[in-house]
Amino acid sequence: MAHHSGCDDTALSEIRDVNLNYLILAQRLLREDFATGLFRTGLSEETGRIVLQLSLQQVVALASTTALLCGFRLNDASLLSALSKSGMNGALQQARMTMALTQAPTMPLQSVTV
């Protein structure tokens, strides 16, 4: 049986905080401009509509999961490495990142038991 240390408890608390902040931000972005919110969050249209419909109680319950709900969309190691180089100027770096994110697949809706 695994024992959770104080460090594990802190990490789990931080995951819940990130999840809650992410869900609240996602709802705000989707309410303000649905299409732009989908782009910024990387959610599919169907998932975006579901997130938008969540009540505060549902958001809190979903945020309490022990897994991160948001994902790191920039999974191209060579592009990420190039973006992290200090020689690339800000405008070029921003343009390349935007292009990479527009090509990243949307995040599928996955079942989460809360």
Side-chain angles (χ1 to χ4, degrees):
M1 177 180 256
H3 174 70
H4 291 289
S5 68
C7 182
D8 288 341
D9 291 341
T10 300
L12 292 176
S13 176
E14 290 172 352
I15 287 171
R16 287 189 290 271
D17 289 346
V18 168
N19 286 341
L20 183 59
N21 284 309
Y22 173 73
L23 288 167
I24 291 170
L25 175 61
Q27 283 188 326
R28 191 182 92 212
L29 292 172
L30 293 166
R31 271 191 213 103
E32 289 174 359
D33 183 329
F34 190 73
T36 301
L38 291 177
F39 169 75
R40 289 187 172 155
T41 60
L43 298 174
S44 69
E45 185 174 342
E46 180 183 12
T47 303
R49 292 195 188 287
I50 293 169
V51 168
L52 199 53
Q53 299 298 320
L54 294 174
S55 69
L56 181 57
Q57 182 179 5
Q58 291 170 318
V59 166
V60 171
L62 188 55
S64 296
T65 185
T66 58
L68 281 172
L69 297 177
C70 57
F72 193 69
R73 291 179 10 198
L74 193 53
N75 288 323
D76 181 335
S78 61
L79 179 59
L80 186 57
S81 177
L83 290 171
S84 66
K85 300 280 189 258
S86 60
M88 190 179 289
N89 74 32
L92 178 59
Q93 191 173 27
Q94 183 65 35
R96 288 192 69 182
M97 186 166 323
T98 299
M99 288 186 335
L101 291 175
T102 58
Q103 295 170 359
T106 57
M107 295 174 62
L109 178 63
Q110 297 178 355
S111 297
V112 177
T113 304
V114 289

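The model shown is predicted, which means the values in this text are computed figures rather than measured ones.
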For the atom pair CG (Leu12) and OG1 (Thr65), what is the distance rounded to the nearest 0.5 Å? 9.5 Å
Can you tell me how far the CZ atom of Phe34 sits from the CD atom of Glu45, to the nearest 0.5 Å? 5.0 Å
Atom CD1 in Ile50, atom CG in Leu30: separation rounded to 0.5 Å? 11.5 Å
Can you list everything that forms a side-chain contact (heavy atoms from CB on, under 4.5 Å) with Ser13? Sequence neighbours excluded, please. Arg16, Asp17
Here the pair of heavy atoms bringing Leu23 nearest to Ala63 is CD1-N, 4.0 Å
Should Leu69 and Leu25 be regarded as members of a common hydrophobic cluster, given that ILVMFWY residues are connected when their side-chain heavy atoms come within less than 4.5 Å of each other, either directly or indirectly? no
Say whether, by atom type as modelled, one donor and one acceptor occur between the side chain of Gln27 and the main chain of Leu56 under 3.5 angstrom. no
Tightest non-hydrogen contact, residues Tyr22 and Thr41, listed as OH-O, 3.6 Å
Can you pull the salt bridge (charged side-chain N to carboxylate O under 4.0 Å, His left out) pairs that have at least one residue in residues 18-30, sequence neighbours excluded? Arg28-Glu32
Is a side-chain donor or acceptor of Asn19 paired with a backbone partner of Ala67 at a separation under 3.5 angstrom? yes
When every non-hydrogen atom of Val51 is compared with those of Ala26, the smallest separation belongs to CG1-CB, 4.2 Å
Got a second to check how far Leu52's CG is from Leu38's CG, nearest 0.5 Å? 9.5 Å
Between Gln53 and Gln58 the two heavy atoms that sit nearest each other are O-OE1, 4.0 Å
Side-chain heavy atoms under 4.5 angstrom apart, residues restricted to Ile, Leu, Val, Met, Phe, Trp, Tyr: same cluster for Leu29 and Leu54? no
